[in-house]
Amino acid sequence: MSDKNHLTKPYNNILVSEVENKGALMTGLIQLNRPDVLNALNIDLMIEVVEALESFDKDPEIGCMVLTGNKKAFAAGADIKEMAEAGAIEMLLRDQFARWDRIRKIKKPVIAAVSGFALGGGCELAMSCDMIVASESARFGQPEINLGVTPGAGGTQRLTKAIGKARAMEMILTGKMMGAAEMFEAGLVTKVVDTDLYLDEALELSREICTKPTVAVQIAKESILKSFDLTIESGLEFERKNFYLLFATEDKSEGMKAFVEKRKAQWKGK
Ligand code: DAK
């Protein structure tokens with residue numbers, strides 16, 4: 001029996017649905033829904049996003065998730081009004097980063113479908129996902145410098161790893177926004193499409209992943225993400241152990257047998 005908390009919870013700041021993928025696992029779709037403030041990420045919204053991601057992650061009928069906003073904004077950052085009066089100790093005691101850390105523990109792939117502003121925490125949230133599908137009108141930036149702070153939810157680390165020191169320095173130290181085409185070239189974005197198509201394209205990418213053997217997909221994600229933490233030597237060892245592990249799955253036997261028998265594999269997800 002599937003755990004469908006994501007469908008029964010009364011969310012106030014996000015819209016949650018399941019998207020059918022004929023003959024394959026479904027896509028879990030989360031849409032940030034504070035359009036009046038360009039989807040500024042307040043605490044309540046982040047609680048809901050993390051809960052929905054975790055609920056989809058536990059649901060065996062879901063193969064992949066898509067996180068999106070609207071055409072005008074993926075998210076224009078953390079909610080500045082919520083932080084404006086806070087001091088260092090209050091921020092420390094709020095311990096909001098613990099919630100962001102839980103996104104790193106999501107095992108299934110998460111695709112960010114980004115249009116419009118992806119700024120500050122919005123850019124960091126998109127970078128916490130595994131891939132970014134962007135509309136031509138998407139604008140990425142880390143403008144925290146203009147508020148007297150720096151990125152705090154991964155911007156200095158993930159942006160630098162994705163696009164390199166030279167451009168990360170420019171973006172973070174000036175706070176200026178960069179367009180989707182430039183961010184595609186720099187390596188932050190998986191693909192850029194027409195603004196009317198960005199969500200469809202992200203859902204199509206998700207659908208394709210949903211047709212693949214689940215355990216191998218999750219292991220691949222885990223191994224790729226490990227490459228950010230480990231030396232090449234340790235990373236190769238980690239990858240190898242994961243590779244051996246997949247030889248214990250029924251899907252490995254089925255996949256190789258199907259190839260030899262020249263037929264389509266029937267995945268079991270185990
Ligand atoms: N927070 C709160 N409200 C925001 C907002 C934000 N980040 N961004 C926009 N809004 C609100 C505006 O105040 C306005 O509300 P009203 O005045 O209508 O009530 C409404 O959204 C529409 O915005 P604008 O009128 O400004 O729209 P424009 O098209 O003229 O300009 C803009 C769009 C995106 C250029 C502009 O809104 C803007 O510069 N926004 C702020 C962008 C920004 O500085 N973002 C970085 C915020 S700092 C953390 C995790 C993460 C972070 C911090 C802590 N923890 C886990 C502890 C991240 C920090 C940040 O993201």
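Whatever order the structure lists ligands and atoms in, that order sets their numbers, starting from 1. Keep in mind that this is a model prediction, so the values were computed, not measured.
From the protein, the heavy atom lying nearest to atom 14 (C) of ligand 1 is D36 O, 4.4 Å. Looking only at heavy atoms of the protein, atom 12 (C) of ligand 1 is closest to K81 NZ, 4.2 Å. Ranking protein heavy atoms by distance to atom 38 (C) of ligand 1, first place goes to L119 CD1, 4.9 Å. Closest to atom 1 (N) of ligand 1, if we only count protein heavy atoms, is I80 N, 2.9 Å. Remark: minimum distance from atom 10 (N) of ligand 1 to any protein heavy atom is reached at V37 O, 3.7 Å.
For atom 30 (O) of ligand 1, the nearest protein heavy atom lies 4.0 Å away or farther. Closer than 4.0 Å to atom 26 (O) of ligand 1 lies none of the heavy atoms of the protein. Atom 55 (N) of ligand 1 lies below 4.0 Å from at least one non-hydrogen atom of the protein. Within a 4.0 Å radius of atom 45 (N) of ligand 1, the protein contributes one or more non-hydrogen atoms. For atom 36 (C) of ligand 1, the nearest protein heavy atom is 4.0 Å or more away.
Side-chain contact annotation: N21 with T211, donor-acceptor N/O pair under 3.5 Å absent. One side chain, H6 or E18, offers a donor N or O that lies under 3.5 Å from an acceptor on the other.
Of the polar atoms of G121, at least one N or O is found under 3.5 Å from an N or O of ligand 1, judged by distance alone. In terms of polar-atom proximity, defined here as any N/O pair under 3.5 Å, A76 does make such a contact with ligand 1. Taking only nitrogen or oxygen atoms, main chain and side chain alike, A78 reaches within less than 3.5 Å of ligand 1.
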Counting only pairs under 3.5 Å, give me each side-chain donor-acceptor contact of residues 69-78, with atom names and distances, residues two or more places apart or in other chains.
{"residue": "N70", "atom": "OD1", "partner": "K72", "partner atom": "N", "Å": "3.0"}
{"residue": "N70", "atom": "OD1", "partner": "A73", "partner atom": "N", "Å": "2.8"}
{"residue": "K71", "atom": "NZ", "partner": "D196", "partner atom": "OD1", "Å": "2.9"}

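Ionic pairing of E254 and K268 is not present here: no N-O contact between side-chain nitrogen and carboxylate oxygen is shorter than 4.0 angstrom.
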